[in-house]
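See below for the structure under consideration.
Numbers here simply count residues along the sequence, with the first being 1. Computed from a predicted structure; not experimentally measured. Quick note: numbers below take in every heavy atom, side chains included, and nothing from hydrogens, waters or symmetry partners.
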Amino acid sequence: MGKKKALVIGINEYEDTGFDQLKYAEKDAKAIYDILVNQDIGEFAKEDVVLLTGKPKSEVEENLEITLNEAKRDDLVFIYFAGHGKLDKSANLCLAARNTKTDRLLATSIHLEHIRRIIDQSDCKRIVFIIDSCFSGAAGQSFRSGDVPAESFEQISGQGKVIISASQAFERARERDDIGHGIFTYNLVKGLEEGEADHDGDGYISVEELYKYISKNVKAETKGQQVPMKWGIDEKGEIVIAKSIKTLEKKRLEIESLSSRAKELENQGRLDEALDAWNNVLELDPKNMEAPQGIKQVEDARKKRAELEAKIDMLFDYYKKGSIPGTIYNKAFGIMRNPHSSLSDKEGIFTRLVEDLLNNNLSVENFVLSWNLIEKPEPETDIERLKGEREAEQLEQERMEREIKDKAAREEAERKEQEKIVKQESVKTQEEKKVQAERIMKEEERYPIHEEELKVQPKKDIPVLDEPRKLTRIFAGVGVILLIIAAVIIYKKVISSSPSPEIAYFIANSTRIEKGGSSTLEWRTSNASEVQISGIGKVSLSGTQTVNPQETTNYALIARNEENKTVERTVTVEVNVPPTKELPESSQILFQDNFATLDPAWGAHSSNLSVQNGKLILQPELNNSFTALNQANLFEDMDVRVNVSIAKSDNTNYGGGLVFWAMDYKDYYYLLVSGDGWFAVKHWTNSRVLDPVPWRQSAALKKGVGVSNQLRLVTKGNQATVYINDAEAVTFKGQPPKDGGFIGLTGNSPPDVQNKTIWEFSELKVMKP
């Protein structure tokens with residue numbers, strides 16, 4: 001690939017008064033220069049781009065010749081001119097330099113015939129010449145070949161000589177003050193700078209794409225009064241002129257998303273889908289370095305999975321023949337599905353036993369015998385037992401000592417707190433006595449006792465005789481104080497009383513809906529500090545809230561101010577419940593499990609699978625699913641029912657539910673319900689997921705954690721009908737196994753949480769339909 005060279009010319013002012021002075025030609029040239037040297041768009045090296053503004057004819061022609069003569073065969077030369085154009089008497093285009101004379105065009109202008117000769121003598125096979133001038137369409141007279149008429153230019157790739165003009169031969173090129181550019185160059189800059197000319201979205205802008213974009217916009221903006229033109233000579237394929245930042249960024253984000261998705265699918269075990277995703281990455285970016293590694297990793301994983309599934313099939317054959325018991329098969333199956341790095345030492349020994357059995361290095365009898373010997377726990381010695389008992393006694397003693405210390409510390413803290421309270425009360429009492437004494441002394445000073453009064457009674461009786469007068473005066477003073485305080489309180493209450501809350505309106509946009517539908521409550525309040533809606537809780541002071549009632553519901557809006565004054569308004573949303581279809585009844589029970597214990601047919605007890613309190617419990621790993629098939633029973637037509645609930649979840653958007661029409665763990669259908677009211681039917685086959693029934697909402701589903709939903713599936717031939725809580729949800733067709741299939745249970749844990757999702761199943765029953 002050769003270099004990219006450019007000559008950019010712009011001329012605003014002319015010495016000859018016969019030319020109008022231009023406003024934006026030099027600004028247009030500078031804008032083109034900036035785009036070309038922008039490494040995110042044009043990718044031209046600065047040293048290979050020459051910008052000439054306001055130059056005379058000689059300097060322009062000299063730089064034209066230098067640029068074209070130095071260009072090699074595989075280089076790309078881009079020439080841009082913005083300025084005046086004049087037609088000679090033969091209607092040939094002459095480009096005006098700063099010193100061009102209107103009355104001596106041939107001698108003082110840059111004639112297109114001269115430029116054509118320079119281009120013909122150049123070794124360069126890729127030249128793009130863009131002219132933004134009046135009458136620039138006349139350039140076709142110089143560049144047109146006998147077999148290449150105007151407007152014949154098709155796709156140009158790799159090589160060719162192309163000219164694009166701002167107007168037709170007898171049209172003027174216009175400038176606009178509101179955009180600060182010539183109309184033609186404004187759209188040229190926009191198409192390149194913003195990437196809008198990238199019509200096919202491949203991230204690169206060809207000459208053809210650029211012309212189509214400019215032509216369409218200029219015609220529209222001038223209402224057909226200025227029509228760009230183009231011609232081509234010796235064109236072959238496309239000449240790419242720039243990159244599209246917008247498209248390439250979008251492409252980069254798409255590639256990142258696909259790569260991330262491919263890794264996620266691989267982690268989920270969906271290898272075929274992961275392989276498709278990596279191939280899509282390569283289609284978008286053939287030079288991507290990560291995709292080939294990802295493809296190889298997925299193909300290796302597929303190979304390992306095929307080998308593992310072949311081994312599991314062989315082991316299952318031993319189980320079906322009764323050669324090995326179900327407990328051993330289930331545990332062996334679980335160990336084989338786990339990565340070897342996560343196995344304990346004992347599980348590693350079990351793995352080698354399985355390998356020896358499947359490679360015919362060990363007989364079935366010796367395999368079972370060896371397994372049982374390893375499985376049997378080592379007897380605990382007396383020394384170890386006594387040591388454990390002593391450690392337990394020591395731990396219990398330490399626990400009791402900690403409790404005694406904690407209790408003593410609490411009692412000491414309570415005692416100190418009580419002493420503090422008593423001390424505070426004592427201080428308070430003394431202060432009150434002191435205040436009372438001071439008040440009495442002041443009263444005595446205000447109302448002194450006369451000597452005559454002292455003579456009436458003995459000295460010891462003076463306090464008794466004078467007490468009523470003192471008390472009267474004290475009460476009178478206290479009364480005045482109380483009246484003042486009461487007046488202040490009443491005044492403050494009147495002044496600070498908040499205005500009563502008001503409800504401007506409280507409405508429902510739909511007061512009557514079908515079950516499963518929704519209505520929007522809308523309200524506006526004033527003078528309120530808090531607003532609540534029954535069944536919803538606290539809401540904004542004014543706003544909207546979408547509700548999905550399952551039955552006719554009264555919604556009460558209560559507005560409250562800071563003084564706890566309230567006002568209330570109520571709206572009613574009526575729910576029309578369609579009549580329930582009569583469900584088909586079954587009588588003959590084919591299979592049922594109340595999950596009192598874990599039947600080995602479900603698999604071995606593990607952190608993912610257990611039974612407790614009459615429920616089968618699934619705990620899938622994060623960002624994964626866990627499926628348990630009951631491999632002891634095959635069913636053809638059936639009516640299967642089970643209760644499912646999410647016992648614990650940080651994200652209720654993920655599903656769990658009933659497995660049916662299962663050939664094995666490689667091919668089965670499953671009905672999923674989520675905690676937020678959605679359900680779907682999926683088909684896992686050939687390591688990919690198909691969607692017989694894509695995710696959809698169901699009004700019959702109870703939402704949330706801890707609630708139970710009854711799933712019911714009735715099959716007949718290749719048709720199945722789903723019921724949710726006795727309401728018919730959907731009927732679809734599938735491909736059931738020829739001789740009947742297994743049933744099972746499945747659950748998912750999302751990737752973006754801290755804890756596993758816990759799924760609980762109860763009262764599983766299969767009946768004859």
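- Side-chain atoms of Ser259 come within 3.5 Å of backbone N or O of Ile255 as a donor-acceptor pair.
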Stepwise side chain to side chain contact (heavy atoms under 4.5 Å, CB included) check, Leu282 with Ile295: CA-CA 10 Å; Leu282 277 183; Ile295 289 172; 3.6 Å; yes

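- Under the 3.5 Å distance criterion, the side-chain polar atoms of Asn288 are matched with a main-chain donor or acceptor of Ala291.
- Within the 6.0 Å centre-distance limit, the rings of Trp371 and Phe350 are counted as a close aromatic pair.
- For the pair Ala720 and Thr715, the tightest heavy-atom approach, listed with the atom from each and the gap, is CB-CG2, 3.9 Å.
- In this structure, the side chains of Val573 and Thr552 stay at 4.5 Å or more apart for every pair of heavy atoms.
- Screening Lys768, Lys765, Arg712 for a salt bridge (charged side-chain N to carboxylate O under 4.0 Å, His left out) with Asp639, the sole residue that qualifies is Arg712.
- Ion pairing between Lys296 and Asp300 holds under the 4.0 Å rule for side-chain N and carboxylate O.
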Derivation and outcome, side chain to side chain contact (heavy atoms under 4.5 Å, CB included), residues Tyr654 and Thr757: CA-CA 9 Å; Tyr654 284 69; Thr757 296; 6.0 Å; no

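- Pairing each heavy atom of Gly655 with each of Trp695, the nearest pair is CA-CH2, 4.2 Å.
- Remark: the Ser645 side chain and the Ser708 side chain contain no N/O donor-acceptor pair separated by less than 3.5 Å.
- Note that CG of Leu658 and CG of Leu745 are 6.5 Å apart. Values are rounded to the nearest 0.5 Å.
- Two residues are said to be in side-chain contact when any heavy atoms from C-beta on lie closer than 4.5 Å; Phe742 and Phe635 fail this criterion.
- Put simply, the side chain of Asn630 never gets that close to the backbone of Gly744: no donor and acceptor are under 3.5 Å apart.
- Heavy atoms from other residues, nucleotides or ligands lying under 6.0 Å from CD of Gln735 number 12 at most.
- To the nearest 0.5 Å, atom CG of residue Leu357 and atom CD of residue Glu355 are 10.0 Å apart.
- Remark: Glu763 CD to Gln710 CD distance equals 8.0 Å, nearest 0.5 Å.
- The pair Glu307-Lys304 does not count as a salt bridge, with every side-chain nitrogen at least 4.0 angstrom from each carboxylate oxygen.
- The shortest non-hydrogen separation linking Ala274 to Ala262 is CB-O, 3.5 Å.
- Among pairs with a residue in residues 681-702, those fulfilling salt bridge (Lys or Arg N to Asp or Glu O under 4.0 Å) read Asp276-Arg688, Lys682-Asp691, at least two apart in sequence or across chains.
- When the side chain to side chain contact (heavy atoms under 4.5 Å, CB included) test is applied to Asn594, no partner is found at least two apart in sequence or on another chain.
- In this structure, Asn359 contributes its side chain and Asn361 its backbone to no donor-acceptor pair below 3.5 Å.
- Residues Asp667 and Trp661 have side chains that never bring a donor and an acceptor to within less than 3.5 angstrom of each other.
- Note that CG of Leu701 is 7.0 Å distant from OG of Ser674, once rounded to the nearest 0.5 Å.
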Side chain to side chain contact (heavy atoms under 4.5 Å, CB included) between Phe679 and Ile724, worked out: CA-CA 9 Å; Phe679 78 97; Ile724 298 175; 3.9 Å; yes

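- Here the side chain of Gln550 pairs a donor or acceptor atom with the backbone of Asn548 at under 3.5 angstrom.
- Looking only at side-chain heavy atoms (C-beta outward), Lys648 and Asn755 come within less than 4.5 Å of each other.
- Looking at every heavy atom in both residues, Leu598 comes nearest to Gly603 through CD2-O, 3.6 Å.
- Using a 4.5 Å heavy-atom cutoff, the side chains of Thr597 and Val611 are not in contact.
- Remark: the backbone N or O of Leu362 is not paired with any side-chain donor or acceptor of Asn366 at under 3.5 angstrom.
- When all heavy atoms of Val642 and Phe761 are compared, the closest pair comes out as CG2-CB, 4.1 Å.
- Two rings, from Tyr670 and Tyr668, have their centers less than 6.0 Å apart.
- A distance of 9.5 Å separates OH in Tyr665 from CD1 in Ile312, rounded to the nearest 0.5 Å.
- The CG atom of Asp272 sits 10.5 Å away from atom CG of Leu265, with the distance rounded to the nearest 0.5 Å.
- In this structure, Lys716 and Asp637 approach most closely via the heavy-atom pair CA-OD1, 3.4 Å.
- One finds a salt bridge joining Asp313 and Lys666 here, because a Lys/Arg side-chain nitrogen approaches an Asp/Glu carboxylate oxygen to under 4.0 Å.
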Derivation and outcome, side chain to side chain contact (heavy atoms under 4.5 Å, CB included), residues Arg641 and Leu764: CA-CA 6 Å; Arg641 311 173 193 190; Leu764 175 66; over 6 Å; no

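- The shortest side-chain heavy-atom distance between Leu275 and Arg302 falls under the 4.5 Å cut-off.
- Although no hydrogens or angles enter the test, the distance criterion places a donor-acceptor pair under 3.5 Å between the side chain of Asn725 and the main chain of Ala700.
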Give the table of side-chain donor-acceptor pairs shorter than 3.5 Å for residues 614-626, with sequence neighbours excluded, one pair per line with atom names and distance.
from: Lys615; atom 1: NZ; to: Glu760; atom 2: OE1; distance (Å): 3.2
from: Glu621; atom 1: OE2; to: Asn608; atom 2: ND2; distance (Å): 3.2
from: Glu621; atom 1: OE2; to: Lys756; atom 2: NZ; distance (Å): 3.1

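- Residues Trp759 and Ser649 are not in side-chain contact: their nearest non-hydrogen atoms beyond the backbone lie 4.5 Å or more apart.
- For the pair Ile646/Ile758, no side-chain contact is recorded, criterion being any heavy-atom separation below 4.5 Å from C-beta on.
- Using modelled atom types, one side-chain atom of Thr553 and one backbone atom of Glu551 make a donor-acceptor pair closer than 3.5 Å.
- Donor-acceptor pairing under 3.5 Å is recorded for the side chains of Thr721 and Thr731.
- Contact annotation: the side chain of Ile328 approaches that of Val368 to within less than 4.5 Å [non-hydrogen atoms, C-beta and beyond].
- Side-chain contact check for Asn653 and Asn651: at least one donor-acceptor pair (N or O, by modelled atom type) lies under 3.5 Å.
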